Enquirer: 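Questions regarding the structure given below will be posed in turn.
One-based numbering, in listed order, for ligands and for the atoms of each. Numbers for residues simply follow the sequence, beginning at 1. If you're wondering where the values come from, they're calculated on a predicted model, not measured in any experiment.
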Amino acid sequence: MLRNRISGRGRTKLKRNIKDVLAEKLEPEQVNRLYKTYDIVGDVAVIRVPEEFEQFSQEVAEAIMSIHREVKSVWMQSSSVSGDYRLRDLKHVLGKKTTETIYREYGCIYKTDLRQAYFSPRLSFERMRIAKLVQKQETILNMFAGVGCYSIAIAKHAEPLKVISIDINPFAFKYLEENIRLNRAEKTVVAFQGDAKTVTETKF
Ligand SMILES: C[S@@+](CC[C@H](N)C(=O)[O-])C[C@H]1O[C@@H](n2cnc3c(N)ncnc32)[C@H](O)[C@@H]1O
């Protein structure tokens, strides 16, 4: 398998990936349906396994943990995103039974709990794209701030005057406040918990 062969100093070693690990246990068709259906957020992996392959969730989880040594727990998404808080149900598959984690991207730190607040690592490029659109000394209103990813990316990568950040979910708000502190963004990011309509009508 040439694509997995990487050169070291004077020696060659094999770099295994999820596909290789699953291929030891499953049929090629099963491997192709399963090997890229996961996200890693800090030390938590979330897998999306098609219903007809749910019996293989343990194998997928083991493969992920054997390749991604930073992953300490694996959860399976068992519903789509729903409700005002935009949450998804997660079923424990392997490892620690916590979904609280710390995720780092572009010099920002985001603490979150994947069962209590919306979070997507797939939006990292979009967060940077938005941050780059912000003008110097602009005031930004982020009405659906979640745990603060956009607000903090803007505070860190642009030069706004203020980033007003609102979220209705008390858990998301708790992490939003913590993330403001973790990223030393207290001077720029201001957080409010509540319905964005009410907050904007009553606070400004
Ligand atoms: C899809 S999530 C996006 C969160 C964040 N922008 C991100 O990308 O991580 C939408 C967020 O809006 C919040 N939300 C829903 N209805 C709201 C409302 N009426 N006022 C304030 N926040 C609200 C939810 O709690 C949720 O955190």
Enquirer: Suppose the criterion is side chain to side chain donor-acceptor pair (under 3.5 Å): which pairs have a residue in residues 53-65, not counting sequence neighbours?
Expert: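 Found K25-E62.
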Enquirer: Are a donor atom and an acceptor atom from the side chains of D89 and S78 found within less than 3.5 Å of each other?
Expert: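 Looking only at side-chain atoms, S78 and D89 do not form any donor-acceptor pair under 3.5 Å.
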Enquirer: Starting from Y106 and following side-chain heavy-atom contacts under 4.5 Å between hydrophobic residues (I, L, V, M, F, W, Y), which residues can be reached?
Expert: M128
Enquirer: Taking the hydrophobic residues Ile, Leu, Val, Met, Phe, Trp and Tyr, and joining any pair whose side-chain heavy atoms are under 4.5 Å apart, which ones share a cluster with I102?
Expert: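 Other cluster members: I109, L182.
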Enquirer: Examine Y85 together with Y118 and report whether their ring centres are nearer than 6.0 Å.
Expert: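 No, ring centres 6.0 Å or more apart.
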Enquirer: Can you confirm whether the side chains of T99 and R115 place a donor and an acceptor under 3.5 Å from each other?
Expert: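 A pair is found: one side chain offers a donor N or O, the other an acceptor, under 3.5 Å apart.
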Enquirer: Give the residues near ligand 1 by chain and number, with the criterion being a heavy-atom distance under 4.0 Å.
Expert: D84, Y85, R86, Y118, L123, M143, F144, A145, G146, Y150, D167, I168, N169, G194, D195, A196
